[in-house]
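So the structure is just underneath, and the comments pick up after that.
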Amino acid sequence: MAVYDFNSEMSSIVLNRKDNVATLLRDVKAGENITYTFEGKLQTLVVKSDIRFGHKVALYPIPKGERILKYGESIGAATEFIDRGEHVHVQNIEGIRGRGDAHIQKEVKNS
């Protein structure tokens, strides 16, 4: 596993090969290149908007409905198509755990 240092040139992290997002280690501006390592190789990606420290950016195009994988775990599903380099946050993902409200909404639609 790679060692990350906040003082290094690394601007984001990807901890698991299944991840489809990177987590930013600092604020970035639209059009800026970010760097991360994947399977031991340095990668770069251009972000499409200003994104804050700790938020996520898509590593690949993510179709609507596809799971968002961070640190190898699903953290939600895309509510719309998310292009590579786009901010991944509450505006385009929804949680999939504990969605008791989804069951209630389905019952209301069927009544």
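Numbering of residues begins at 1 and proceeds along the displayed sequence. In this text, all values refer to a predicted model and were calculated from it rather than measured experimentally.
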Fill in: Pairs flagged by side-chain hydrogen bond (donor to acceptor under 3.5 Å, both in side chains) wherever residues 49-58 is involved - sequence neighbours left out
His55-His87
Fill in: Pairwise side-chain contact, Ile34 with Leu24, heavy-atom cut-off 4.5 Å (strictly under)
yes
Response to the item:
Here the gap from Arg67 atom CZ to Ile93 atom CD1, rounded to the nearest 0.5 Å, amounts to 12.0 Å
Worksheet item: Taking only residues two or more places apart in sequence or in another chain, which ones pass salt bridge (charged side-chain N to carboxylate O under 4.0 Å, His left out) with Glu32?
Response: Arg26
Fill in: Side-chain donor or acceptor of Ser11 paired with backbone N/O of Thr35 under 3.5 Å
yes
N/O donor-acceptor pairs under 3.5 Å from side chains in residues 74-86, not counting sequence neighbours:
{"from": "Thr79", "atom 1": "OG1", "to": "Asn92", "atom 2": "O", "distance (Å)": "3.2"}
{"from": "Asp83", "atom 1": "OD2", "to": "Lys48", "atom 2": "NZ", "distance (Å)": "2.8"}
{"from": "Arg84", "atom 1": "NE", "to": "Leu59", "atom 2": "O", "distance (Å)": "2.9"}
{"from": "Glu86", "atom 1": "OE1", "to": "Asp83", "atom 2": "N", "distance (Å)": "2.8"}

Practice prompt. Report yes or no: does Asp19 contribute a side-chain atom to a donor-acceptor pair with the main-chain N or O of Val14 at less than 3.5 Å?
Written response: no
Discussion item. Within the 4.5 Å heavy-atom criterion, are Asn20 and Glu66 side-chain neighbours or not?
Written reply: yes
Worksheet entry | Cluster check Leu15, Leu25: I/L/V/M/F/W/Y, side chain < 4.5 angstrom | yes
Fill in: Verify same cluster id: Tyr71, Ile62 (apolar side-chain graph, 4.5 Å)
no
Worksheet entry | Interatomic spacing from OH in Tyr60 to CG in Leu69 - rounded to 0.5 Å | 10.5 Å
Worksheet item: Is any side-chain heavy atom of Asp27 closer than 4.5 Å to a side-chain heavy atom of Ile51?
Response: no
Worksheet item: Is Val47 reachable from Val21 through a run of hydrophobic residues whose side-chain heavy atoms are each under 4.5 Å from the next?
Response: no
Discussion item. Nearest 0.5 Å, please: how far is CZ in Phe38 from CG in Asn16?
Written reply: 8.5 Å
Practice prompt. Give the cluster check for Val28 versus Val46: same hydrophobic cluster or not, with ILVMFWY residues linked at side-chain heavy-atom distances below 4.5 Å.
Written response: no
Discussion item. What's the separation between atom CD1 in Ile68 and atom CD in Glu73, rounded to the nearest 0.5 Å?
Written reply: 14.0 Å
Worksheet, complete the sentence: Only residue of Val57, Leu45, Thr23 satisfying side-chain contact (heavy atoms from CB on, under 4.5 Å) with Tyr36 is Leu45
Practice prompt. Return yes if some donor-acceptor pair links the side-chain N/O of Asn33 with the main-chain N/O of Thr44 below 3.5 Å, else return no.
Written response: no
